[in-house]
> 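I'd like to ask some things about the structure below.
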Amino acid sequence: MLETILLKLLFALIVLAVLMTFCAYAVLAERKVASWIQGRVGPNRTALPFISAIPVIGPILRRLGIWQPLADGVKFLFKEDPLPAHVNKFYYFLAPVLVIVPALLTVVALPMGAYFGESGTQHPIVLANLDIGILFIFAVSSLGVYGIVLAGWSSNSKYPLYGGIRSSAQMISYELAMGLSILPVFLWVNTPGANEGLNLFYVVTAQQDVWFVFWQPVSALIFLTALFAETNRLPFDMPESETELVGGFHTEYGSFKFGLFFLAEYAHMIIGSAVFVVLFLGGWNYLPGIAQVWPSNMLGAVCTVIWFLAKVFALVFFFIWIRWTLPRFRYDQVMSLGWSVLLPLAIANLIFYTVLVAFLERA
Amino acid sequence: MTKAVKEISLGDVGARAADYDEELLGDKVSLSMGPSHPATHGVLRLQLELDGDIVTKCMPVIGYLHRGDEKIAENMTYNQFVPYTDRLDYLAPLANNVAYAIAVERLANLKIPPRCEAIRVICCELARISSHLLGLGVYAMDTGALTVFMYTFTQREKLYSLFEELTGARFTTSYTRIGGVARDVPEGWLGRVNQFVNSLLPVVDEIDTLLTRNKIFLERTEGIAAISREDAIAYGLTGPNLRASGVDVDLRKDTPYSGYEQYDFEVPIGTHGDCYDRYLVRMEELRQSTRIVRQAIDKMPEGPFYAEDAKKIFAPRKDKILTSMEELIQNFMIVTEGPQMPAGEVYFEAENPKGALGFFIVSKGGGVPYRLKIRAPSFCSLCILDKIAPGHLMSDIPVILGSLDFVMGECDR
C-alpha cells in the first residue's frame, strides 16, 4: 500500500516537473515562433558556461535559445519582489497560488498514453484514472478564475480591477459553451449498456478508427474557440489586453508572483490543448483510419506518449500562430460572441447529436 | 390590555425610487490614462470618466513634452532652427525640415532650383511613407495585431538607412538649409530609393491582406469614432484625418509647393470618417506616395541643389570658402549673423503626414525671426477627442488614438 502511494507520488512529481518544463519551453516557443512570424531572430544569446563551448552543438543550442527559459526562471526568482503599499496583502499573495494550483492540478485526470497489459488490453497512463475525468478537469480548471479575480481586486488599483472583472465575466460565459460542446462526444461514447461514464480514456479508445473532429466538427470548433477564451489567449485576451489595461490583472505584480501567473497561462494552454487532443484529435491513436501501429510492449507505451505530446505541441503551435496573426476582439464583442453565437450553436449541436445518437441506436 | 397598532406609511415608493435613480446608477470612475501608458503613443495623458466600461468624458492633458520651441526660435538664426524642426513630428523629420525651409524662403521670396525641389519632394514623400508605416503599425498594435507593427518597422528600418545615407543621420535629419538642402543626393541613392519603393508595395499588400478584410479588425474599427464633415472642418482637422471625413483638401493639390503640380497622384477620400476610413486613407496614401517618389526619380532634373544667386542666404560651398576671399566673407556673415531676411510676415502650410504643418514667421529683417508660430496638426487632432470619445467603450480609446495618428513632439512643441 505504502509502496503504491510512494510510487504514485514519484510519478506525480515527474509529471509536474515535466509539465513545468513544458510551460517554460512553451514561453520560448512563443518567443521563437513570434520572431519567425515577424521576421526577427528571437532569443539567441543565453549560453551556459561549459555546454556552449562544445563545438557545433553549443552554438546551435544557443542560437535556438534553449537556455533562455533557465535564464528567465532565474530572473523571476532573483528580481526584487515589490509589495505595493495599497494592496490587500493576504489576497495579493494568495492570488498567484490560486491561479497556478488549479492549472497544474488538472493534469491529474489527463490520460497521456496507453500501456498494454498481459492479456493485450490497453490501460491508460494517467495519474488518477477517474470515472468523472472530464468533469474533474472542468471543475478544477474553472477555479483558476478566482485567482485572477482576487489578483485584480486585491491590487486595489483600477486597471487590474477592470482586468479581473472582465476575466471573470468572460470565463463564466465561455464555460457554458465549452461544457455544452463536449456533451455530444460523451453521448457518442456512452452507448447503452456501456459503463464508461465521463472517463477520458474511453473517449480515446472510441476514436481508434475515426477521430471525433470528423464526426463532430461543430463541437470541435466551439470547444476550440471557447478554449482560446478560457486560456485568455488572443483574440480573446481581455483580462490582460495590454494596449488598454496595461498589464490587466497582473499589473501590480512583479518578480516570481508574476512568474506564477505567466506559468499558469502556459500551463492552461498546454493542458487545454491536451484535452482537445484527447476529445477530438484521437489522443495517442496514430492517424484516422489506421487503428493500431504501436508495438504491444513498453516501447509502444513510450510511442503513445510521444505521439500524444506531438499532437499537443502542434496545437500549442496553432495557439501561438493565431496570437501573432489576429487582432484582438473588443470586450463586448467577446461577450456577445459567447452568449449569442457560441451558446445557441452549442445547444443546437447538442440537440442534433442527441437526436442522431437516439436514431442510430434504434436502427 | 390593548395593543396599539402603529401604522407606518411607506409613502409613494415609486416616487422615492425615482428620486434615488441617480444614486442607484452608481458613481462614475475617473481613470487617468497616461502619461506613461502603452496605448497613448508618447506622453499624452487622458483624463477619462467612465460609467462602467463606457467613456462619458475624455479630456486630453497635454504639455508633458513642452520645450518652448517657438521661443527658442526667436533666439537663433534661421538655419540654426532646422534641427528643432526635426523634433516636431519626429516620425517625419524630413517633411518638417522642408516645410520650415519653404516657409522661410517664401519670406525671402527666393526661387529654388528644380533639382532642389525634386529632392525635397522625394524627402517629403519618403517621410510620409515612414510616418504612415509607423502610424499604421501602432494602430494595428492598438487593435492587438502585433505582427503588422514588426512588418512596417522592418520597412522603416530600410528607410532609415536611406535617410542616413542622404543626411548623415537616421532619425534627426536636419537636411534642409534656407535656400536649398545640405548636400546633393549621393551617387546611386535614387536607384536605391527606387528599389526600396519596389520592395515596399508587396509589404503594403501583405498588411492589406492581414487587416483590411479581417473580420475582427473591421469590428474594432468600423463605425468607431466617426467624425462628420462639419466637425472635421470645425475642429480644424487636417491631413488624412480630414480627408477620411470626406473633405477633399490636400495642400499638395490645392496650393502646390515645391513643384508638386508636376506629379500625377490621387488624393484618397473617406466617406464615413470612422476609424476604418482613416486606416484606408493612410493605406492608399502610402501607395500614392510611392507613385510620387517614382515620378520624381524619373524626372530628376540636373542643376544646382541650392539657390546660387542667394548670396546672403545660402552659405557657399566649402571648397570655395577656402580659396576665395569673397565667399569666405559671405560664409562668415551667414554663420555669425544668419541668413539675411527682409522684414515682413509669412504663413506657409505644408501637407505633412500628420496634417497641415504651418509656420507663421514675423521678421524685422536680419538673421533671426522676431516671432515664429508653429501650427501643429496633431494638436488639432487631439482637440476633437473630447467630442468623439464619449459614448464609446474604454477598449475603443486605444483604437481611436491610433487612428488619429498624432505625435506629442509636435502637439506640445
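Within every chain, numbering begins at 1; the chains are lettered A, B, ... in the order of the sequence lines, protein sequences first and strands thereafter. Just so it is clear, the model here is predicted, and its values are computed rather than measured.
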> Looking only at heavy atoms and a cut-off of under 4.5 Å, which of B/F153, B/Y151, B/F149, B/F217 has the most pairs with chain A?
B/Y151
> For B/V399, which atoms come within 4.5 Å of any heavy atom of chain A: side chain, backbone, both, or neither?
neither
> Looking at B/K215, I want to see if its NZ is surrounded by more than 12 non-hydrogen atoms of other residues, nucleotides or ligands under 6.0 Å.
no
> First locate atom OG1 of B/T147, then atom CH2 of A/W321, and finally report the distance between them rounded to the nearest 0.5 Å.
12.5 Å
> Among B/I397, B/N214, B/T154, which has the most heavy-atom pairs under 4.5 Å with chain A?
B/N214
> Could you grab the distance from atom CG of A/D332 to atom CG of B/L393, nearest 0.5 Å is fine?
4.5 Å
> Using 0.5 Å steps for rounding, measure from the CZ atom of A/R328 to the CG atom of B/D142.
9.0 Å
> Does any part of the side chain of B/M150, heavy atoms only, come nearer than 4.5 Å to the side chain of A/I37, both counted from C-beta?
no
> Heavy-atom cut-off 4.5 Å, strictly under: side chain, backbone, both or neither for B/L401 against chain A?
neither
> Please flag which part of B/L210 lies under 4.5 Å from any non-hydrogen atom of chain A: side chain, backbone, both or neither.
side chain
> Check each atom of B/S30 against the heavy atoms of chain A and say whether the ones under 4.5 Å are side chain, backbone, both or neither.
both
> Give the minimum heavy-atom separation between A/F329 and B/R220, together with the two atoms involved.
O-NH1, 3.7 Å
> Check the surroundings of atom CZ in A/R40: do more than 12 heavy atoms from other residues, nucleotides or ligands lie under 6.0 Å from it?
yes
> Roughly how far, to the nearest 0.5 Å, is OH of A/Y162 from CG of B/L31?
6.5 Å
> Taking atom CG of B/L146 and atom CG of A/L326, what is their separation to the nearest 0.5 Å?
11.5 Å
> With a 4.5 angstrom heavy-atom cut-off, could you sort out which part of B/I224 is near chain A: side chain, backbone, both or neither?
side chain
> Check whether more than 12 heavy atoms from other residues, nucleotides or ligands sit under 6.0 Å from atom NZ of B/K158, and answer yes or no.
yes
> Using a 6.0 Å cut-off, check whether atom NE2 of B/H392 has over 12 heavy atoms from anything other than its own residue.
yes
> If you round to the nearest 0.5 Å, how far is CE of B/M394 from NZ of A/K158?
10.5 Å
> With sequence neighbours excluded, what pairs up with B/R128 under the side chain to side chain donor-acceptor pair (under 3.5 Å) test?
B/E125
> Checking the side chain of B/E219 only, and the main-chain atoms of A/Q333 only, is there a donor and an acceptor separated by less than 3.5 Å?
no
> Is it the case that over 12 heavy atoms from other parts of the model lie below 6.0 angstrom from the OH atom of A/Y146?
no
> Around atom CZ of A/F258, are there more than 12 heavy atoms from other residues, nucleotides or ligands closer than 6.0 Å?
yes
> Could you work out, with side chain to side chain donor-acceptor pair (under 3.5 Å) as the rule, every residue matching B/S32, not counting sequence neighbours?
B/R45
